[in-house]
Every structure is written in structure tokens, then in C-alpha cells.
Enquirer: 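My questions all concern the structure below.
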Amino acid sequence: MLIEMIGIEKVFKTGKVSAVSKILKGIDLTIEKGEMVAVKGSSGAGKSTLLHILGCLDRPTSGIYRLNGVDITNESSSNLSKIRNKRLGFVMQHFALVEDDNVLANVSVPLLFAKTPFSQVDALSMEKLRQLGIDHLAGQKVSKLSGGEKQRVAIARALVNNTDIILADEPTGALDQENSALIMDIFKKLNLLGTTIIIVTHEEFVANACERVITIADGKIA
Ligand SMILES: Nc1ncnc2c1ncn2[C@@H]1O[C@H](COP(=O)(O)OP(=O)(O)O)[C@@H](O)[C@H]1O
Ligand SMILES: [Mg+2]
């Protein structure tokens, strides 16, 4: 089992002193290696919150999260950063790229964080750009690219450390139909190569492209 969540709860403070709201109320979820899963649910249901916990960007208030059978619920922040860097690639609706840097520099960031020898960084980044068919954009400033190109850069960055899990939060939300289809094609191909993919979406065609759909409602998996 790749991912196992047991009774995951998440409580947020809501501004006023001691006011809290429980967003996730006991999520039980298992995901096997190589699955492609869509996460649906209405706005505010807690989809991004769940994705952030899956991606070790945030911690649950209670419950257990196991990755490859290892309970990482109480890992130190620095260990969680390392797990994130080595294993988890994020793809966000609005790309989360450094707009003023070029494509190669953006894709290289996770390699630099992983202390990859400098002599290998450019070649490894170029390899991922080639895999995504955008190596000709390596020297371009991100701000000059189309949305579809930006999202492919973000996917290259997500994969560059040979991460085995992609977490995507509304990855087609800012794209037109044609580019949305292109991005889903890329996810499909990556999935066939063995990458586990978890996609938060409210778009029907994205969910339909996944082999499993889970829906969050009332803080639980419906
Ligand atoms: N850091 C936070 N602090 C307080 N409330 C938050 C925080 N993050 C999310 N929330 C609240 O949790 C609820 C679920 O948010 P989110 O997971 O972003 O929903 P979704 O992605 O399904 O639209 C929302 O009501 C949101 O306002
Ligand atoms: Mg969200």
C-alpha cells in the first residue's frame, strides 16, 4: 500500500479567539502504487486541505498517515521537506512558477534543494523538458509562456527528482479545453509509466479520465 490514511481530522482556527472549525472529520483512504485518483467535492469541502496533508505541506490535527507503510504523522518538518522533495510533485491551478526566471531555472529548483551536483542539474532538467516536449522553451522567461506551456513546465518540475507521486490541485482550472486535454494526456501517459497521480478537480472530464473517483462531503469520504 502506497498511501494509507486512517481517521484523518483537520481543525482550523477561524480567527476569533478559540473559534475552530473541523474541516476533515475522519478521512479513511488507501491508494495503491500506480493508481490515478480524482478527488471531487463542493467548494470548501476540504479537497485542498486533504491534498496538502497528502503532500506533507500540512499536518493533520489527528489520525495516522502512512507512506509506504511508514507512519509519517509525527515526522519532523525537515524530514517532511525531504520526503516532499524526493517523492511528491505538486501541480497547482496557477502553476506556482517563478515568472521572472526562465524555464530551465524553474525546473531545476527541486534538484538544487536535493543537493544534486551542479554539473548534473541542467542535463537532468533538460531531460524532463524533452520528455514533455518543451525543451525548446528552456531559455524562455516563464512570463512569456501560454498557460498550457506553463503547466507543462510545472509538471516537469514536479517530476525532475523522479518523484513517484503527483498531487495536482485543479490543474486544468486555468486552462482552455484544448490545453486541459493535453495536460490530462500527459497525466495518463505518466500514470501508464507507473506514476501515482491524485487530482483534485470539479471538472467532469478530468474525473472521467481517472480510474477512481472519491468525493469529500461533510468532512468525510462519501
Ligand atoms: N489555513 C487555513 N486556516 C483557516 N481555514 C482554512 C485554512 N485552509 C482552509 N481553510 C478552510 O477550510 C475549508 C476547506 O478549504 P479547502 O480545503 O481549500 O476547500 P476546497 O479545496 O475543497 O475548496 C474552507 O472553509 C477554508 O476556508
Ligand atoms: Mg481547493
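One-based numbering along the sequence shown. Every value quoted in this text rests on a predicted model; they were computed, and no experiment measured them. Note that ligands are numbered from 1 as they come in the structure, with each ligand's atoms numbered from 1 the same way. Atoms considered below: every heavy atom in the structure, side chains included; atoms not considered: hydrogens, waters and symmetry mates.
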Enquirer: Taking C-beta and beyond as the side chain, do Pro60 and Thr73 meet within less than 4.5 Å on heavy atoms?
Expert: yes

Enquirer: Going by heavy atoms in the side chains, are Phe187 and Cys210 under 4.5 Å from each other?
Expert: no

Enquirer: So, is Thr49 placed with an N/O/S atom under 2.8 Å from the Mg ion (ligand 2), counting both backbone and side chain?
Expert: no

Enquirer: Consider ligand 1: state whether an atom of it lies below 4.0 angstrom from any non-hydrogen atom of His52.
Expert: no

Enquirer: Using only heavy-atom distances, determine whether the side chains of Ser108 and Ser125 contain a donor-acceptor pair under 3.5 Å.
Expert: yes

Enquirer: Heavy atoms only: which of Leu24, Thr49, Val11 lies closest to atom 16 (P) of ligand 1?
Expert: Thr49

Enquirer: If we count only non-hydrogen protein atoms and require a distance under 4.0 Å, does atom 27 (O) of ligand 1 qualify as touching the protein?
Expert: no

Enquirer: N/O of Ile23 under 3.5 Å from N/O of ligand 1, yes or no?
Expert: no

Enquirer: Looking only at N/O atoms, are Lys13 and ligand 1 under 3.5 Å apart anywhere?
Expert: no

Enquirer: List the closest protein heavy-atom neighbour of atom 24 (C) of ligand 1: residue, atom name, distance to the nearest 0.1 Å.
Expert: Gly44 O, 4.1 Å

Enquirer: Taking all heavy atoms of Asn85 and all of Asn161, pick out the closest pair and write down the distance.
Expert: O-ND2, 3.1 Å

Enquirer: Quick one: which ligand 1 atoms are inside 4.0 Å of a heavy atom on Ser42?
Expert: 22 (O)

Enquirer: Establish, from distance only, whether the side-chain atoms of Ser62 and Glu9 form a donor-acceptor pair under 3.5 Å.
Expert: yes

Enquirer: With a 4.0 Å cut-off on heavy atoms, does Gly41 reach ligand 1?
Expert: no

Enquirer: Of the options Asp58, Thr49, Thr61, which is the one that meets Lys10 in a side chain to side chain donor-acceptor pair (under 3.5 Å)?
Expert: Asp58

Enquirer: Considering only protein heavy atoms, which is closest to atom 18 (O) of ligand 1, and at what distance to one decimal place?
Expert: Ser48 CB, 3.6 Å

Enquirer: Between Phe118 and Val107, is there a shared hydrophobic cluster once you connect ILVMFWY residues whose side-chain heavy atoms come closer than 4.5 Å?
Expert: yes

Enquirer: Determine whether Gln177 and Phe205 make a side-chain contact, defined as any pair of heavy atoms from C-beta on separated by less than 4.5 Å.
Expert: no

Enquirer: Backbone, side chain, both or neither: what part of Ser21 comes under 4.0 angstrom of ligand 1, heavy atoms only?
Expert: neither

Enquirer: Is there a polar contact, in the sense of an N or O pair closer than 3.5 Å, between Phe12 and ligand 1?
Expert: no

Enquirer: Begin with the C-alpha distance, continue with both residues' side-chain angles, and end with the deciding distance and a verdict on side chain to side chain contact (heavy atoms under 4.5 Å, CB included) for Glu75 and Leu67.
Expert: CA-CA 12 Å; Glu75 279 296 339; Leu67 194 57; over 6 Å; no

Enquirer: Give the atom numbers and elements of ligand 1 that come within less than 4.0 Å of a heavy atom of Ser43.
Expert: 23 (O)

